[in-house]
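Have a look at the structure below before the remarks.
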Number of protein chains: 2
Amino acid sequence: MSNNQFKRGELYSVVNGMATTAVARRLQKNFRNAGLDITIEQWSVLYHLWKEDGLSQLELGNRTFRDKASTTRLIDNLEKQELVMRVASKEDRRINLVYLTDIAKPLQQITYELANQTMNEALLDISKEEIDIVKNVFQRVYDNLTNKDLL
Amino acid sequence: MSNNQFKRGELYSVVNGMATTAVARRLQKNFRNAGLDITIEQWSVLYHLWKEDGLSQLELGNRTFRDKASTTRLIDNLEKQELVMRVASKEDRRINLVYLTDIAKPLQQITYELANQTMNEALLDISKEEIDIVKNVFQRVYDNLTNKDLL
DNA sequence: TTATATTAGTTGCATAACTAACTATATGTC
DNA sequence: GACATATAGTTAGTTATGCAACTAATATAA
């Protein structure tokens, strides 16, 4: 049921968290200096492709909490910048598999380094127990609301 | 320093929370049935005006974590729907004070009722202690990141 | 096997976001 | 008073979001 899909605009920061936003912002600054202009939204797509290359657009949409229209345009822009390419699936020709290009691949390492560094700074004085509580509360609030069809 | 202002797209759901989103969504559905089409973003502005009518655009922007350009357009749209009106300040003619119209005012009560109801459902099984921990963790993560100029 | 429904993706439309450049009013200093 | 600076708001440009309507390919059912 496609209406069951979460919408990005709403869950965005909750799911990804302040720290992730800071990561994205630091990345953005860093790469802009190197002449690469990538938006925070585009980072979220690349991030999932680094974890698993060759995902379908729909799967990318699910993992980044976007609808398929938004995903289409994000990939359009990433393709224009030659960071990503679409390859029609041979098993099912409705499906576009999205692959990282040779330009995007080497960005992974520096990205991960910056991300780790930022997360460490963000969570400096936060204990494991506290993080667990926050995650748990989020999950329960989320469950409470989805049970009522409110998210 | 105007660069010190938080950006909405980033802090949006963190600050307002999943529950607020759910409130807004429920409101949206409810009022759409009554022929009033108000976006979630517009709700956030109305919400602050119900708390304190006649705020300047800049103050509204601060309270809803938007920059002034975004605030301008949101108020443009609210004005088109005659939910809000701009009144130039007499003390300082650079300033627009934003007031609720007679159309918007009566929406407050039903809005607050729906909001309370939704919050209660969202936080059903969450204890006061847990909420305090979540708030506290957010504040500290936020502090950690702003100290490094990352938010 | 043909008709029907479902699925993946695209496109059009309106709203919204942020940056940067701009206008107009106010303030501060000499 | 005159000039520089700061402040409130608007406008232009680009990207992103969600909804709805659409195309094309696949799956299901008669």
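Bear in mind the structure is a predicted one, so any value in this text is a computation, not a measurement. Residue numbers begin at 1 in each chain, while the letters A, B, ... track the order of the sequences.
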Using whole Å, what does the distance between atom [atom2] of nucleotide [N] and atom [atom1] of [X] come to?
X	N	atom1	atom2	answer
A:L78	D:dA16	CG	C1'	12 Å
A:I75	D:dT17	CD1	P	11 Å
B:D76	D:dA12	CG	P	12 Å
B:L55	D:dG9	CG	C1'	16 Å
B:D67	C:dA20	CG	P	11 Å
A:R86	C:dA8	CZ	P	16 Å
A:N77	C:dT10	CG	P	12 Å
B:L60	D:dA8	CG	C1'	13 Å

Which listed nucleotide ([options]) is nearest to the side chain of [X]?
X	options	value
A:D92	D:dT26, D:dA12, C:dT25	D:dT26
B:K68	C:dA16, D:dT10, D:dA16	D:dT10
B:L58	D:dC19, C:dA16, D:dA8	D:dA8
A:I95	C:dG9, D:dA12, D:dG9	C:dG9
A:N96	C:dG9, D:dA16, D:dT10	C:dG9
B:R93	C:dA17, D:dT10, C:dT25	C:dT25

Side-chain donor or acceptor of A:R73 under 3.5 Å from a matching atom on the base of C:dG12? yes

Taking atom types as they are modelled, is there a donor-acceptor pair under 3.5 Å from the base of D:dT7 to the side chain of B:R94? yes

May I ask you to say what B:T39 touches in the nucleic acid, namely base, sugar-phosphate or nothing, with a heavy-atom cut-off under 4.0 Å? sugar-phosphate

Look at the side-chain N and O atoms of B:T72 and state whether any lies under 4.0 Å from the OP1 or OP2 oxygen of D:dT10. yes

Please report the shortest heavy-atom distance between A:L100 and A:A104, naming the atom on each side. CD2-CB, 3.8 Å

Which residue lies toward the 5' end of DNA chain D, B:E59 or A:S70, if each is placed at its nearest nucleotide? B:E59

Between A:E91 and A:A69, whichever has its closest DNA chain D nucleotide further toward 5' is A:A69

Taking it one step at a time, do B:M85 and B:V98 satisfy side-chain contact (heavy atoms from CB on, under 4.5 Å)? CA-CA 6 Å; B:M85 54 192 172; B:V98 182; over 6 Å; no

Is A:D125 atom CG crowded by more than 12 heavy atoms from other residues, nucleotides or ligands, each under 6.0 Å away? yes

Between A:D132 and A:K128, does any side-chain N to carboxylate O distance fall below 4.0 Å? yes

Are B:E52 and B:R63 within salt-bridge range, i.e. N to O under 4.0 Å? yes

